[in-house]
Amino acid sequence: MNVLFVASEAYPFAKSGGLGDVIGALPKSFPDDVDVRVILPFYSTIPEELKRNIKFLDHFHIQMNNTLYYCGILSCEYEGITFYFIDNESFFKRPSLYNYFDDGERFLYFCRAVLDSIPSLNFDPDIIHCNDWQTAAIPYLLKHQYRTAFPNTKSVFTIHNIKYQGIYGFNDISKYLHLGFLPSDLEYYGKINLLKGALYSADLITTVSPTYAQEIKNSFYGEGLERVIQHVGDHVVGILNGIDEALYDPKTDPALFIPYANPQKKKSENKKALQEYLDLPIREDVPMVSMITRLVEQKGLDLVANVIHEILQMDLQLVILGTGDSNYENLLRSIAYNYPDKMITIIDFDEPLSRKIYAASDFFLMPSRFEPCGLSQMIAMRYGAVPIVRETGGLKDTVTYFNSKTKEGNGFSFATYNAHDMLFTIQKAIAIYHNEPKTFNLIVNNAFNSHFDWKNSAQVYLSYYKILKEV
């Protein structure tokens, strides 16, 4: 079985969010008899120490819009996986990965370059596994323009977040797709929707959690494509993401103040060290609640803002790390300034600091409006931080409300997207921390012993790959 993953980012070469983590971890989780390779853009921002191992393979030219575009193919081995890179400086030599006026052109070039480069790779993929709108043109092109070149290759398309669809004016990008008219598979209110094209063209569509696969069939979560999802529903499955448990291991994590194998013994020491580091009052008896997140409405920041003063009336410390909407950044800075002994706001993207916070936290708050899968709650549990989440997407699939009778459950959750429902859930969790220490320690152990290793997800993907190959 030969599988080619196509994505716009993969850790450690390029990462802006969860997609980078997924593509960095999932390919190396398959059994040894599956040849899994990855192809990415060759961004100028790839760390120099990684670039030193990347070698030139080949080059050719791609014709789009009556223009010949250079395409270089580079390659390296990393942690047992072959990575390929598509090189074109005019598209990928930029300070960041996304948010340019010509992103549609950039990633349509990338999609066509991937398909045109395969003959140079000495690799015949049975499955081309595409991820998010930046690679959404590949299933469409494979079905309508490249089928003769790849008669037996099947396409899998994973929706990591249906909110981002790649919508462009027909006149802006049709020439890069070699379209003379607007096909119904791509048409979206008179424009081209690349994600829609993938939904109608891919042999299998996956989402990153079972709950999200069902949610996007309704209008609240479907972002305008819910009817398309309903129409192709037989081809849509939800497969829960995992995390790299070797990467997020409190026993060996060099970022931690004090590594630990048992959260009951060393977690309080990490809390004390973080309190000193952040200049918070050093109190072992106070629960630390953290949020490590993009500061945007999707992540439930509007709920937090609505009841932040009520939260801070409780006996707790609140640590928030992230960047995002300037309104939330400024609001959270201002509130932290007024509660210096109870709240710290750090506007930054700091991976080592995030690990320190996970390891020091008693609770991890993640009240998302929607969450296709979410990795942060899994990482938090890996470090023994008890999650408090809203029941949506992957949060619902990974966090189970603690049942005091059965002693089962690894966290706390609320269903309705409502600030006071969230507040009540936080109050319940904090009350257990203060008044029922044995119960709280049991919940910590349940969270710590929850495992979300990628190998489980890889086996599910592989079972679907085998079905597609036999069809």
**Study point:** Minimum side-chain heavy-atom gap H178-R112 below 4.5 Å
**Key:** yes

Review point. Counting heavy atoms not belonging to H231, are there more than 12 under 6.0 Å from its NE2?
Key: no

Practice item. Before giving the answer on side-chain contact (heavy atoms from CB on, under 4.5 Å), spell out for V319 and L321 the whole-Å C-alpha distance, their side-chain angles and the decisive distance to 0.1 Å. Key: CA-CA 7 Å; V319 177; L321 171 66; 5.6 Å; no

Point to revise | Pair E223-N161, side-chain donor/acceptor within less than 3.5 Å | key: no

Exercise for review: Return yes if a side-chain donor-acceptor contact under 3.5 Å exists between Y168 and D103, otherwise no.
Suggested key: no

Review point. Would you say the side chain of T135 lies within less than 4.5 Å of the side chain of I128, judging by non-hydrogen atoms?
Key: no

Review point. Taking everything shown except K51 itself, do over 12 heavy atoms lie less than 6.0 Å from its NZ?
Key: yes

Practice item. Looking only at non-hydrogen atoms, find the nearest pair between D132 and F157 and report the distance. Key: O-CE1, 3.3 Å

Review point. V236 and A213: which non-hydrogen atoms are nearest, and at how many Å?
Key: CG1-CB, 4.3 Å

Practice item. Please check if the side chain of D325 supplies one atom and the backbone of V296 the other of a donor-acceptor pair under 3.5 Å. Key: no

Which pairs of donor and acceptor atoms, one on a side chain in residues 64-75, lie under 3.5 Å apart (sequence neighbours left out)?
from: T67; atom 1: OG1; to: N65; atom 2: O; distance (Å): 3.2
from: S75; atom 1: OG; to: F83; atom 2: O; distance (Å): 3.4

Review point. A136 and A198: which non-hydrogen atoms are nearest, and at how many Å?
Key: O-CB, 3.4 Å

Practice item. Assert yes or no for the condition that the ring centre distance of Y78 to F13 is strictly below 6.0 Å. Key: yes

Point to revise | K175 side-chain N/O to D172 backbone N/O, donor-acceptor pair under 3.5 Å | key: no

Exercise for review: Could you walk me through whether D21 and Y248 pass the side-chain contact (heavy atoms from CB on, under 4.5 Å) test, one step at a time?
Suggested key: CA-CA 12 Å; D21 286 321; Y248 299 108; 4.0 Å; yes

Point to revise | Flag for Y383-D253: side-chain donor and acceptor within less than 3.5 Å | key: yes

Exercise for review: Decide yes or no on ring pair (Phe, Tyr, Trp, His ring centres under 6.0 Å) for F363 and F440, but give the supporting numbers first.
Suggested key: CA-CA 11 Å; F363 297 100; F440 176 70; 5.2 Å; yes

Check your understanding: For the residue pair C76 and F85, what are the closest heavy atoms and their distance?
Key -> SG-CE1, 3.9 Å

**Study point:** Verdict with reasoning, D302 to R369, per salt bridge (charged side-chain N to carboxylate O under 4.0 Å, His left out)
**Key:** CA-CA 9 Å; D302 55 331; R369 178 183 291 271; 3.2 Å; yes

Review point. In this structure, which one of K299, K163, K396, R294 forms a salt bridge (charged side-chain N to carboxylate O under 4.0 Å, His left out) with E371?
Key: K299

Check your understanding: Does the side chain of R37 come under 3.5 Å of the side chain of Y84 through a donor N or O and an acceptor N or O?
Key -> yes

Review point. In terms of heavy-atom contacts, does OH of Y200 have more than 12 from other residues, nucleotides or ligands at under 6.0 Å?
Key: yes

Exercise for review: Evaluate the ring planes of Y109 and F92, with Trp represented by its six-membered ring, and classify them as parallel (under 30°), tilted (30 to 60°) or perpendicular (over 60°).
Suggested key: tilted

Point to revise | Smallest separation among heavy atoms of S361 and A385, with atom names | key: O-CB, 3.6 Å

Check your understanding: R355 and E351: salt bridge (charged side-chain N to carboxylate O under 4.0 Å, His left out), yes or no, with the steps?
Key -> CA-CA 7 Å; R355 311 282 187 88; E351 182 75 18; 3.1 Å; yes

Point to revise | Side-chain donor or acceptor of T406 paired with backbone N/O of E408 under 3.5 Å | key: yes

Practice item. Return yes when atom CG of D348 has more than 12 non-hydrogen atoms of other residues, nucleotides or ligands closer than 6.0 Å, and no otherwise. Key: yes

Point to revise | Charged N-O contact under 4.0 Å between E470 and K466 | key: no

**Study point:** Heavy atoms of other groups near Y401 OH, more than 12 under 6.0 Å
**Key:** yes

Check your understanding: Under 3.5 Å, is there a donor-acceptor pair between the side chain of D126 and the main chain of N2?
Key -> yes

Review point. Is it the case that more than 12 heavy atoms not belonging to R227 sit under 6.0 Å from its CZ atom?
Key: no

Point to revise | Sequence-distant partners of Y98, side chain to side chain donor-acceptor pair (under 3.5 Å), two or more places apart | key: S8, E9

Check your understanding: Would you say R147's side chain and F150's backbone share a donor-acceptor pair under 3.5 angstrom?
Key -> yes

Review point. With distance as the sole test, does R382 use its side chain to make a donor-acceptor pair with the main-chain N or O of E245 at under 3.5 Å?
Key: yes

Exercise for review: Flag the pair I167 / Y189 as yes when at least one side-chain heavy-atom distance between them is below 4.5 Å, and no otherwise.
Suggested key: no

Review point. Are any of the side-chain heavy atoms of I162 and I229 separated by less than 4.5 Å?
Key: yes

Exercise for review: State plainly whether the residues D244 and K28 are in salt-bridge range, i.e. N to O under 4.0 Å.
Suggested key: yes

Review point. If you count the non-hydrogen atoms of other residues, nucleotides and ligands that lie under 6.0 Å from NZ in K217, is the total more than 12?
Key: yes

Review point. L240 and G394: which non-hydrogen atoms are nearest, and at how many Å?
Key: CD1-CA, 4.5 Å

Review point. Can you check side-chain contact (heavy atoms from CB on, under 4.5 Å) on V444 and D362, steps first, answer last?
Key: CA-CA 8 Å; V444 170; D362 298 293; over 6 Å; no

Point to revise | Presence of salt bridge, D249 and K251, under 4.0 angstrom | key: yes

Check your understanding: Donor-acceptor pair, S117 side chain versus V114 backbone, under 3.5 Å?
Key -> yes

Exercise for review: Tell me, yes or no, whether the heavy-atom count around H144 atom NE2, taken from other residues, nucleotides or ligands under 6.0 Å, exceeds 12.
Suggested key: yes

Review point. Is there a donor-acceptor pair under 3.5 Å between the side chain of K154 and the backbone N or O of L468?
Key: yes

Practice item. Answer with yes or no whether the side chains of T392 and E215 bring together a donor and an acceptor at under 3.5 Å. Key: yes

